[in-house]
Structure formats: structure tokens, C-alpha cells
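Predicted model, so just to flag it, every value in this text is computed and none were measured.
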Amino acid sequence: MTQDELKTLVGRAALNYVPLGEVVGVGTGSTVNRFIEALATMKDQIRGAVSSSVASTERLRAIGIRVFDANEVEDLAVYIDGADEIDGRGCMIKGGGAALTREKIVAAQSRRFVCIADDSKRVDMLGKFPLPVEIVPMATQRIVRQFAALGGTARVRLKDGQPLVTDNGQHILDVTGLAIRDPLAFETEVNQWPGVVTVGVFAQQKAAVCLLGTSGGVQVLNF
Ligand code: 5RP
């Protein structure tokens with residue numbers, strides 16, 4: 001099976017986790033796009049969605065799903081999103097699509113994070129995928145130096161030759177060369193650096209379940 005077919009497989013499998021009659025948290029990315037397509041088949045069975053990005057909001061609205069602002073709903077039963085890496089405890093690196101801050105907000109509002117991913121995302125230790133960090137631009141060089149002190153190399157993510165601007169009007173650093181042995185401690189530390197909006201390690205908001213797309217079918221990992 002191709003990676004795209006695996007994404008379609010887990011996107012469809014995630015429908016089993018959608019709470020009927022409720023509002024569902026929806027993430028961002030190519031795997032989630034497959035989930036949104038599948039969600040169209042049951043759009044009349046849910047109340048709506050809270051979305052983690054402008055891109056997902058547009059896709060949800062295009063298929064006729066009502067999108068609520070996160071402030072309009074209290075808590076969500078489920079948040080369904082992809083990952084760039086997921087380890088054996090459900091900790092993840094996210095933010096390849098630059099939506100990490102809103103993803104963490106919606107995940108924090110949800111009782112259960114259901115991660116959908118193809119099996120190339122499963123790792124023993126986080127850190128091979130360049131770690132996305134959303135930052136306030138004026139703090140860029142200071143944060144680059146802080147990552148260098150940890151052995152990491154941080155680069156500003158570009159789009160069309162200019163710094164990419166997130167949905168929140170901020171920039172993204174992608175950091176290579178890190179071995180994230182203790183994701184919770186790492187997330188807690190980096191999130192305290194002045195100018196960091198969100199680090200793309202999801203250990204506090206880790207996955208409760210991962211639907212992993214493999215050539216043998218969907219593997220369900222419970223954490
Ligand atoms: C976006 C994300 C995505 O969930 C992550 O990048 C995985 O994306 P894809 O499903 O396209 O591989 O964190 O910010």
C-alpha cells in the first residue's frame with residue numbers, strides 16, 4: 001500500500017471514534033484531510049467541529065460541517081489529528097503543517113487524542129523529524145542560540161523565500177539534531193523560554209490512541 005492509501009485507511013478508521021451528536025476536534029494535515037473526506041459521510045450525525053487551522057476550517061465548511069470557535073464549546077470528547085512522529089508512549093512531534101499551537105489548544109480541550117498516522121511516523125525516540133517551534137519573531141536569534149546550546153540547529157521555516165507566517169501571525173523554527181529522551185521534561189522546559197509560543201512536542205497532550213496504518217491494516221495502539 002502507498003503512504004497515501006495508508007492515510008486514507010486510518011482517516012476512515014477514525015470515524016469509529018467520532019461521538020454521535022457531538023462536536024469533534026479536528027486537526028490539520030494530509031492524513032486529517034482524508035479523515036475530513038470520510039467525515040462527510042456522517043456530517044448529519046455530528047453537531048459540528050472545532051478546527052485547529054484555517055485550512056481545516058475551510059475543508060470542513062466546504063463539506064457542510066459547522067465549525068465552532070474553540071471558545072463556543074467547553075470540552076470535546078475527541079480530538080483527531082495526525083503526527084510527524086509518535087513514540088511508544090503516545091508522545092508526538094507535531095507541527096509539520098505549522099498548526100501546532102492551535103492543535104495543542106484543541107487537544108487540551110479534548111478528553112481523548114486519537115492520532116491517525118501511517119507507520120512511517122512510529123519511532124522509538126522523538127527527534128529525527130525537524131522539531132517545529134512556533135515563536136514570536138523578535139525572539140528568533142535568542143531561541144536559535146538556546147537550541148544550539150542543546151546541540152540543535154534551528155532554522156526559520158520559509159515559504160516563497162520569506163518566513164512562513166502562521167495562522168497566529170508568528171514564525172516557525174525547525175530544529176534538527178535533537179534527541180528528545182524525556183519528551184515531557186523537554187516540552188515543559190522549552191515552553192518556558194521567552195518568545196516560544198508552542199514547542200511541537202506533544203507529551204502533556206499525548207495521544208490516548210493511535211490508529212497506525214500498516215500494510216497489514218490498521219493497528220490500534222492504546223497508551
Ligand atoms: C500539522 C501537523 C500534522 O498533523 C503533521 O504534520 C502530520 O501531517 P501529515 O498527516 O500531512 O503527515 O502537526 O501541523
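- The two residues I93 and P132 come nearest to each other via the heavy atoms CG2-CD, 3.8 Å.
- T198 and T101 share a side-chain donor-acceptor pair at under 3.5 Å.
- When every heavy atom of S215 is checked against every heavy atom of L6, the shortest pair comes out as N-CD2, 4.2 Å.
- For the atom pair S53 OG and L100 CG, the distance stands at 11.5 Å (nearest 0.5 Å).
- Under the side chain to side chain contact (heavy atoms under 4.5 Å, CB included) rule, I36 has a single partner from T28, I63, I80, which is I63.
- From L211, atom CG reaches atom CG of L221 across 8.5 Å, with rounding to the nearest 0.5 Å.
- Between the side chain of D118 and the main chain of D4, no donor-acceptor pair closer than 3.5 Å is present.
- Within the 3.5 Å criterion, the main-chain N or O of T2 finds a donor-acceptor partner in the side chain of E5.
- Using a 4.5 Å heavy-atom cutoff, the side chains of P130 and R155 are not in contact.
- Scanning all heavy atoms of the two residues, the minimum distance from V156 to T140 falls at CG2-CG2, 3.7 Å.
- The heavy-atom pair separating V136 from Q170 by the smallest distance is CA-OE1, 3.4 Å.
- Side-chain contact between V32 and D81 is present, with at least one heavy-atom pair separated by less than 4.5 Å.
- A salt bridge does not link E58 with R61: none of the charged nitrogens is closer than 4.0 Å to a carboxylate oxygen.
- The 12-atom threshold is exceeded at CG of D69, counting heavy atoms of other residues, nucleotides or ligands nearer than 6.0 Å.
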Exercise. Can you check side-chain contact (heavy atoms from CB on, under 4.5 Å) on N33 and K7, steps first, answer last?
Worked result: CA-CA 9 Å; N33 290 346; K7 289 179 184 190; over 6 Å; no

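- The distance from the CD1 atom of I65 to the CZ atom of R59 is 12.5 Å, given to the nearest 0.5 Å.
- The backbone N or O of V73 lies less than 3.5 Å from a partner atom in the side chain of Q109, making a donor-acceptor pair.
- Note on V201 and L150: same hydrophobic cluster, where clusters join Ile, Leu, Val, Met, Phe, Trp and Tyr whose side-chain heavy atoms are under 4.5 Å apart, directly or indirectly.
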For this session: List the steps and the verdict of side-chain contact (heavy atoms from CB on, under 4.5 Å) for Q204 and T188.
Result: CA-CA 9 Å; Q204 298 186 29; T188 305; 3.4 Å; yes

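- Atom CZ of R111 has more than 12 heavy atoms from other residues, nucleotides or ligands within 6.0 Å.
- S51 and V67 get closest at one heavy-atom pair: CB-CG1, 4.0 Å.
- With contacts defined as side-chain heavy-atom distances shorter than 4.5 Å, the pair L15/M42 qualifies.
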For this session: Please report the C-alpha distance between L126 and F186 in whole Å, then the side-chain angles of each, then the deciding distance to 0.1 Å, and finally whether the side-chain contact (heavy atoms from CB on, under 4.5 Å) criterion is met.
Result: CA-CA 11 Å; L126 301 179; F186 183 90; over 6 Å; no

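- With a 6.0 Å radius and a threshold of 12 heavy atoms from other residues, nucleotides or ligands, E72 has its CD atom above the threshold.
- Here the closest non-hydrogen pair linking S120 and Q3 is OG-NE2, 3.3 Å.
- A donor-acceptor pair is defined here as one N or O able to donate and one able to accept, closer than 3.5 Å; no such pair exists between the side chain of K206 and the backbone of M92.
- One hydrophobic cluster holds both I46 and L60 under the rule that ILVMFWY side chains link at heavy-atom gaps under 4.5 Å.
- The structure places CZ of R142 at 4.5 Å from CD of Q146, a figure rounded to the nearest 0.5 Å.
- Ion pairing between K104 and E134 fails under the 4.0 Å rule for side-chain N and carboxylate O.
- Hydrophobic clustering, with ILVMFWY side chains joined whenever heavy atoms are under 4.5 angstrom apart, keeps L76 apart from F35.
- Considering CE of M1 and OG1 of T214, their distance stands at 7.0 Å, rounded to 0.5 Å.
- The closest donor-acceptor contact from the side chain of S56 to the backbone of G27 lies under 3.5 Å.
- A side-chain donor-acceptor contact under 3.5 Å links K121 to the backbone of A83.
- Applying the 6.0 Å contact sphere to CZ of R12 captures no more than 12 heavy atoms from other residues, nucleotides or ligands.
- Between Y79 and S52, the closest side-chain pair of non-hydrogen atoms falls below 4.5 Å.
- Within the 4.5 Å cutoff, no side-chain heavy atoms of W193 are placed close to those of I135.
- To the nearest 0.5 Å, atoms CZ (F129) and CD1 (I180) are separated by 11.5 Å.
- The cluster map of Ile, Leu, Val, Met, Phe, Trp and Tyr, joined by side-chain heavy atoms under 4.5 Å apart, puts L212 and F223 in the same cluster.
- One N or O on the side chain of E187 and one on the backbone of A203 form a donor-acceptor pair closer than 3.5 Å.
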Problem set entry | Test log, rule side-chain contact (heavy atoms from CB on, under 4.5 Å), inputs R66 and R47 | CA-CA 7 Å; R66 180 172 175 193; R47 205 151 71 81; 5.6 Å; no

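- I116 and L39 fall within a single hydrophobic cluster, where Ile, Leu, Val, Met, Phe, Trp and Tyr side chains are chained together by heavy-atom contacts under 4.5 Å.
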